[in-house]
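Taking it in order: structure first as structure tokens, then the write-up.
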Amino acid sequence: MTTQHATPLRLSADYLGPRATTTDGVPGPLRHKVSLTTQSRYARLLVLGRSATADTPAIMGLLAFADQLRIIWNASRADDPWADWWLIKIDDAIDLVQHRLETIATKIRRYLRAQPALEIDIATSERPYRIKLRFINPYAYRAAQLVAEFDAAVRTILTARHVGLISEEQSFRQIESCSAVLRSLFAIPQSYRVLRIDRTAVKAGAPAAISAAEIMGQVPAAILLGEQRPRLAPRKARS
């Protein structure tokens, strides 16, 4: 019987073995970068907002919305049922805004496609506005996506007006309609009040819970019991 000798394992030059790890064997924290680019002045206004003057009302922008939303997000983590309720309101409003923007953009694109003799490119800016976003919750990023969709809808509307498919008055009404639903979304956090309460305080009938009900309304039972939560609910903070 012939004896077979095992062939020695030869490692390639690029094999680093177990030493190819970080210093302590644990990967570092993950980081991400997000930027929003808009091309119309209408969209830029909805990013930055506007302070009230003697002649013009204030406009709540994306950045102020995200800042107020951060407070609600943290309160939801602390088990505030009113914060959960407000996040659900915001979630529903985001769906409504998205549907409205899609409806108007689809209608205008249909106008543009109805011109077989013309190849119409949607207007773009020579100097787009770009801003880095650093939000702590997903709802703020969803709102930023809506601003981008609003910007695309505005550029489509203005293109249709430029080539004579809709009038200036029609374009203004459509842009204002889109802008109004976004501003309504951005205004939702303003009606929330920070009272530093949680479900335990509500069950105990604490004065702050009574005040919350008087100021912000009675939380629906399904939300109060935790049976209904925001789709993108934060992880509860440890007590």
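Model, not experiment: these values are computed from the prediction.
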Between [X] (side chain only) and [Y] (backbone N and O only), is there a donor and an acceptor less than 3.5 Å apart?
{"X": "Arg155", "Y": "Ala123", "value": "yes"}
{"X": "Gln39", "Y": "Ser125", "value": "yes"}
{"X": "Arg193", "Y": "Ile215", "value": "no"}
{"X": "Asn137", "Y": "Trp73", "value": "no"}

- Message: Holding to salt bridge (charged side-chain N to carboxylate O under 4.0 Å, His left out), I want the full list of residues that pass it with Asp198, two or more places apart in sequence or in another chain.
- Response: none
- Residue pairs fulfilling ring pair (Phe, Tyr, Trp, His ring centres under 6.0 Å) with at least one residue in residues 138-176, sequence neighbours excluded: Phe135-Tyr141
- Message: Going by salt bridge (Lys or Arg N to Asp or Glu O under 4.0 Å), name the pairs with one or both residues in residues 202-231, residues two or more places apart or in two chains.
- Response: Asp84-Arg229, Asp91-Arg231, Asp95-Arg231
Decide yes or no for [X] and [Y]: does some side-chain heavy atom of the first lie under 4.5 Å from some side-chain heavy atom of the second?
{"X": "Arg77", "Y": "Lys236", "result": "no"}
{"X": "Lys33", "Y": "Arg134", "result": "no"}
{"X": "Ser177", "Y": "Ile104", "result": "yes"}
{"X": "Asp151", "Y": "Thr37", "result": "no"}

- Query: For atom NZ of Lys107, is the number of surrounding heavy atoms from other residues, nucleotides or ligands below 6.0 Å larger than 12?
  - Reply: no
Please report the shortest heavy-atom distance between [X] and [Y], naming the atom on each side.
{"X": "Val202", "Y": "Pro81", "value": "CG2-CG, 4.0 Å"}
{"X": "Ala140", "Y": "Leu69", "value": "N-CD2, 3.6 Å"}
{"X": "Val147", "Y": "Leu36", "value": "CG1-CD2, 4.2 Å"}
{"X": "Ala83", "Y": "Ser76", "value": "CB-N, 3.4 Å"}
{"X": "Arg199", "Y": "Gly226", "value": "NE-N, 4.1 Å"}

Hey, what do you get for [atom1] ([X]) to [atom2] ([Y]), rounding to the nearest 0.5 Å?
{"X": "Ser171", "Y": "Leu165", "atom1": "OG", "atom2": "CG", "result": "11.5 Å"}
{"X": "Leu133", "Y": "Gln145", "atom1": "CG", "atom2": "CD", "result": "11.0 Å"}
{"X": "Ile175", "Y": "Thr156", "atom1": "CD1", "atom2": "OG1", "result": "10.0 Å"}
{"X": "Leu146", "Y": "Leu46", "atom1": "CG", "atom2": "CG", "result": "10.5 Å"}
{"X": "Glu102", "Y": "Arg109", "atom1": "CD", "atom2": "CZ", "result": "8.5 Å"}
{"X": "Gln170", "Y": "Arg161", "atom1": "CD", "atom2": "CZ", "result": "11.5 Å"}

Indicate if [X] and [Y] have the same hydrophobic cluster label, given that clusters are the connected sets of ILVMFWY residues with side-chain heavy-atom separations under 4.5 angstrom.
{"X": "Leu96", "Y": "Ile94", "answer": "no"}
{"X": "Trp85", "Y": "Leu225", "answer": "no"}
{"X": "Ile223", "Y": "Ile210", "answer": "no"}

- Message: Working note: Ile166 + Tyr111, criterion side chain to side chain contact (heavy atoms under 4.5 Å, CB included); need CA distance, chi angles, decisive distance, verdict.
- Response: CA-CA 9 Å; Ile166 59 176; Tyr111 289 161; 3.7 Å; yes
- Query: Passes side chain to side chain contact (heavy atoms under 4.5 Å, CB included), Leu62 versus Leu182? Steps please.
  - Reply: CA-CA 9 Å; Leu62 171 66; Leu182 265 172; over 6 Å; no
- Message: Checking Glu169 now: which residues fulfil side-chain contact (heavy atoms from CB on, under 4.5 Å) with it, not counting sequence neighbours?
- Response: Ser167, Arg173
Per-pair distances, 0.1 Å, donor-acceptor, side chain in residues 47-59, under 3.5 Å, sequence neighbours excluded:
residue : atom : partner : partner atom : Å
Arg50   : NE   : Pro57   : O            : 3.4
Arg50   : NH2  : Pro57   : O            : 3.1
Thr53   : OG1  : Asp55   : N            : 3.3
Thr53   : OG1  : Thr56   : N            : 3.0
Thr53   : OG1  : Thr56   : OG1          : 2.6

Atom pairs and distances, donor-acceptor, side-chain atoms in residues 183-192, under 3.5 Å, two or more places apart:
residue : atom : partner : partner atom : Å
Arg183  : NH1  : Ser179  : OG           : 2.5
Arg183  : NH2  : Glu176  : OE2          : 2.8
Ser184  : OG   : Ala180  : O            : 3.0
Ser191  : OG   : Trp86   : NE1          : 3.1
Ser191  : OG   : Ile188  : O            : 3.0
Tyr192  : OH   : Asp80   : OD2          : 2.6

- Check: Arg44/Thr38 side-chain N/O donor and acceptor closer than 3.5 Å: no
- Is Asp67 salt-bridged to Arg70, cutoff N-O under 4.0 Å? yes
- Note on the structure: Partner of Trp82 under side chain to side chain contact (heavy atoms under 4.5 Å, CB included), picked from Leu195, Val219, Val194, is Val219
